[in-house]
Amino acid sequence: QVQLEESGGGLVQAGGSLRLSCAASGRTFSSYNMGWFRQAPGKEREFVAAIGWSGGSTKYADSVKGRFTISRDNAKNTVYLQMNSLKPEDTAAYSCAAARSSFIYYTPQEYAYWGQGTQVTVSS
């Protein structure tokens, strides 16, 4: 089992940057693929980015490609989401999730473990 805790959210002006962190408990973190999802009020949860267990494979939503970077440090049991050139439409609650699989998934249903989320608000 994995417990996840996000941090790093906040209020930022459009064009600014934030780095989200997701700290995981447990000794098997390196065996999990990790994903970031976001949910804005009144909208469904959507995929943002994901990274394979070794860090060698990454996937991004088209809406964040070129602006966001996902990475992980297995020695620190942490996954990161560096967000640059933020836009007001990036405003949402961001959650990290873990999936034990050979594949990197885009759908939240495939992820077994979730953090509580951290709020990101981008002002125009």
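The first residue of the sequence shown is numbered 1, and numbering continues consecutively from there.
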Carefully, step by step, assess Ile51 and Ile104 under the rule side-chain contact (heavy atoms from CB on, under 4.5 Å).
CA-CA 7 Å; Ile51 188 167; Ile104 295 179; 5.9 Å; no

Residue pair Phe47 / Lys59, side-chain heavy-atom distance below 4.5 Å:
yes

The reported gap from CD in Glu6 to SG in Cys96 (rounded to nearest 0.5 angstrom) is 4.0 Å

Can you label the angle between the Trp114 ring and the Phe37 ring as parallel, tilted or perpendicular, going by 30° and 60°?
tilted

Does the side chain of Val12 come within less than 4.5 Å of Thr121's, by heavy atoms?
no

N/O donor-acceptor pair under 3.5 Å between Arg67 side chain and Ser85 backbone
yes

Any chance you could measure Leu4, atom CG, to Ser25, atom OG, to the nearest 0.5 Å?
7.0 Å

Is there a donor-acceptor pair under 3.5 Å between the side chain of Glu110 and the backbone N or O of Tyr105?
no

Using a strict threshold of under 4.0 Å (side-chain N to carboxylate O), is an ion pair present between Lys87 and Asp90?
no

Nearest-0.5 Å distance, OG1 of residue Thr58 to CZ of residue Arg72
12.0 Å

Could you identify which residues cluster with Leu11, counting Ile, Leu, Val, Met, Phe, Trp and Tyr as linked when any side-chain heavy atoms lie under 4.5 Å apart, either directly or through a chain of such contacts?
none

Within-4.5 Å side-chain heavy-atom neighbours: Leu18 and Tyr94
no

Indicate yes or no: at least one non-hydrogen side-chain atom of Thr118 is less than 4.5 angstrom from one of Leu20.
yes

Does CD belonging to Glu5 count more than 12 external heavy atoms closer than 6.0 Å?
no

Contact check, side chains of Gln1 and Tyr113, non-hydrogen atoms, under 4.5 Å
yes

For Pro88 versus Ser124, what's the shortest heavy-atom pair and its separation?
CG-CB, 3.8 Å

Do side-chain atoms of Asn74 reach the backbone of Trp53 as a donor and acceptor pair under 3.5 angstrom?
yes

Please report, to 0.1 Å, the donor-acceptor pairs under 3.5 Å made by any side chain of residues 75-83, with sequence neighbours excluded.
from, atom 1, to, atom 2, distance (Å)
Asn77, ND2, Ala24, O, 3.4
Asn77, ND2, Gly26, O, 2.8
Thr78, OG1, Lys76, O, 2.8
Gln82, NE2, Asn84, OD1, 2.9

Is there a side-chain contact between Arg38 and Glu46 in this structure, where contact means two heavy atoms from C-beta onward sitting under 4.5 Å apart?
yes

Distance check, rounded to the nearest 0.5 Å: Trp36 atom CH2 versus Tyr111 atom OH?
12.5 Å

Closer than 3.5 angstrom, by distance alone: can the side chain of Tyr60 be matched with the main-chain N or O of Ile70 as a donor-acceptor pair?
yes

Taking the six-membered ring of Tyr32 as reference, does the cationic atom of Arg100 (NZ for Lys, CZ for Arg) lie under 6.0 Å from its centre and within 45° of its axis?
yes

